[in-house]
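Structure first, commentary second.
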Amino acid sequence: MSRRRQIYEGKAKILYEGPEPGTIIQYFKDDATAFNAQKKGTISGKGVLNNRISEHLFTMLATIGIPTHFIRRLNMREQLVRQVEIVPIEVVVRNVVAGSLAKRFGMEEGTVLPRTILEYYYKDDALGDPLITEEHIAAFGWATQEEMHDIADMAIRVNDFMAGLFAGVGIRLVDFKLEFGRLFDGDFSRIILADEISPDGCRLWDMKSNEKLDKDRFRRDLGGEAEAYQEVARRLGLTPEDEPEVLNLAEHRKTRGR
Ligand code: TMP
């Protein structure tokens with residue numbers, strides 16, 4: 001790991017130069033932040049679980065024809081991905097009222113939306129990722145109309161697929177965030193799904209109990225965040241048999257006497 005050239009360190013991941021040109025290694029950290037990094041902490045084992053969960057979701061999405069940056073998982077905390085130019089927009093897809101939407105409009109969390117809402121935020125930590133419209137995106141040239149068409153289209157397809165996938169394991173996909181990148185081929189570029197999809201950037205509620213199985217446990221000091229991420233992995237069939245010592249965090253902790 002230390003032999004490789006580090007390209008970028010984000011809040012939850014480190015990017016290293018990949019083995020071949022045009023590839024990147026994503027290293028998943030246990031670090032967790034919230035409220036634009038005003039709140040910081042760690043969730044033990046999160047990196048391993050997010051690496052695995054994201055691998056699974058990106059692989060499944062590829063089977064329905066969503067182009068993604070994912071190439072393959074390398075080890076417990078790393079995956080090889082295609083190098084892209086990240087579009088500086090966070091795409092949030094909402095099926096149920098929660099979080100900032102609930103706050104902005106004074107709505108009750110848990111209200112099912114009559115239709116899926118797509119929102120765009122400008123990726124800029126110094127500005128606190130402000131909510132933007134397609135007018136801002138076009139005026140400031142953050143993405144072309146054609147790119148935005150592809151992005152919106154893919155976001156809806158990802159939502160339809162993932163909502164069904166999670167419903168099948170008793171989880172409600174409340175909302176989630178996606179990031180897209182430009183994959184260059186000479187002078188041409190096309191939009192592909194990038195970053196990660198994990199409980200860090202999704203709201204996942206147990207369908208029966210409404211228990212939160214995502215980063216809101218950390219944001220809201222609910223506790224049990226590692227167990228929640230592990231439960232998501234377990235329900236997706238990413239069982240401890242795969243990597244007993246880490247995916248089975250509870251056992252792991254018991255043996256360490258915690
Ligand atoms: P919000 O309700 O706080 O706007 O969040 C909507 C969804 O987007 C939620 O699933 C968490 C995710 N998200 C991120 O992944 N990164 C962020 O910086 C923010 C604000 C939200």
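Counting starts at 1 for both ligands and their atoms, in listed order. Side-chain atoms are counted along with the backbone in the values below, which use heavy atoms only and exclude waters and symmetry mates. Note that the structure is predicted; figures quoted are calculated from it, not measured.
Between Asp200 and Lys11 there is no salt bridge, since none of the side-chain N atoms of the basic residue sits less than 4.0 Å from a carboxylate O of the acidic one. For Arg219 and Asp216, the salt-bridge test passes: some basic side-chain N is under 4.0 Å from an acidic carboxylate O. A salt bridge links Lys29 with Glu9; the closest basic N to acidic carboxylate O contact falls under 4.0 Å. Ion pairing between Glu179 and Lys123 holds under the 4.0 Å rule for side-chain N and carboxylate O. Salt bridge status for Lys39 with Asp221: present, with a side-chain N to carboxylate O gap under 4.0 Å. Under 4.0 Å is where a charged nitrogen must lie from a carboxylate oxygen, and between Glu55 and Arg77 no such pair does. A salt bridge links Asp195 and Lys13; the closest N-O separation between the charged side-chain nitrogens and carboxylate oxygens is under 4.0 Å.
Of all the atoms in ligand 1, the ones that sit under 4.0 Å from a non-hydrogen atom of Glu90 are 16 (N), 17 (C), 18 (O). Near Gly99, meaning under 4.0 Å from any of its heavy atoms, are these atoms of ligand 1: 2 (O). The atoms of ligand 1 that sit less than 4.0 Å from any heavy atom of Phe176 are 10 (O). Those atoms of ligand 1 that come under 4.0 Å of a heavy atom in Tyr121, given as number and element, are 4 (O). Using a 4.0 Å cut-off to heavy atoms of Cys202, the atoms of ligand 1 that qualify are 10 (O). Within ligand 1, the atoms closer than 4.0 Å to a non-hydrogen atom of Gly201 are 10 (O), 12 (C), 15 (O), numbered from 1 in the order shown. Distances below 4.0 Å separate heavy atoms of Val92 from the following atoms of ligand 1: 6 (C), 8 (O).
Between the choices Arg219, Arg104, Arg203, the shortest heavy-atom distance to atom 3 (O) of ligand 1 belongs to Arg203.
His69 and Phe58 have their aromatic ring centers within a separation under 6.0 angstrom.
Scanning the protein for heavy atoms near atom 16 (N) of ligand 1, the closest one is Lys177 CE, 3.7 Å. Nearest to atom 10 (O) of ligand 1 among the protein's heavy atoms is Asp175 OD1, 2.5 Å. In terms of protein heavy atoms, atom 4 (O) of ligand 1 is closest to Ser100 OG, 2.5 Å.
Using a 4.0 Å cut-off between heavy atoms, Ala102 makes no contact with ligand 1 at all. When heavy-atom distances to ligand 1 are checked against a 4.0 Å cut-off, Glu119 has no atom that comes that close, whether in backbone or side chain.
Hydrophobic cluster membership differs between Ile192 and Phe161, with clusters built from Ile, Leu, Val, Met, Phe, Trp and Tyr side chains linked at under 4.5 angstrom.
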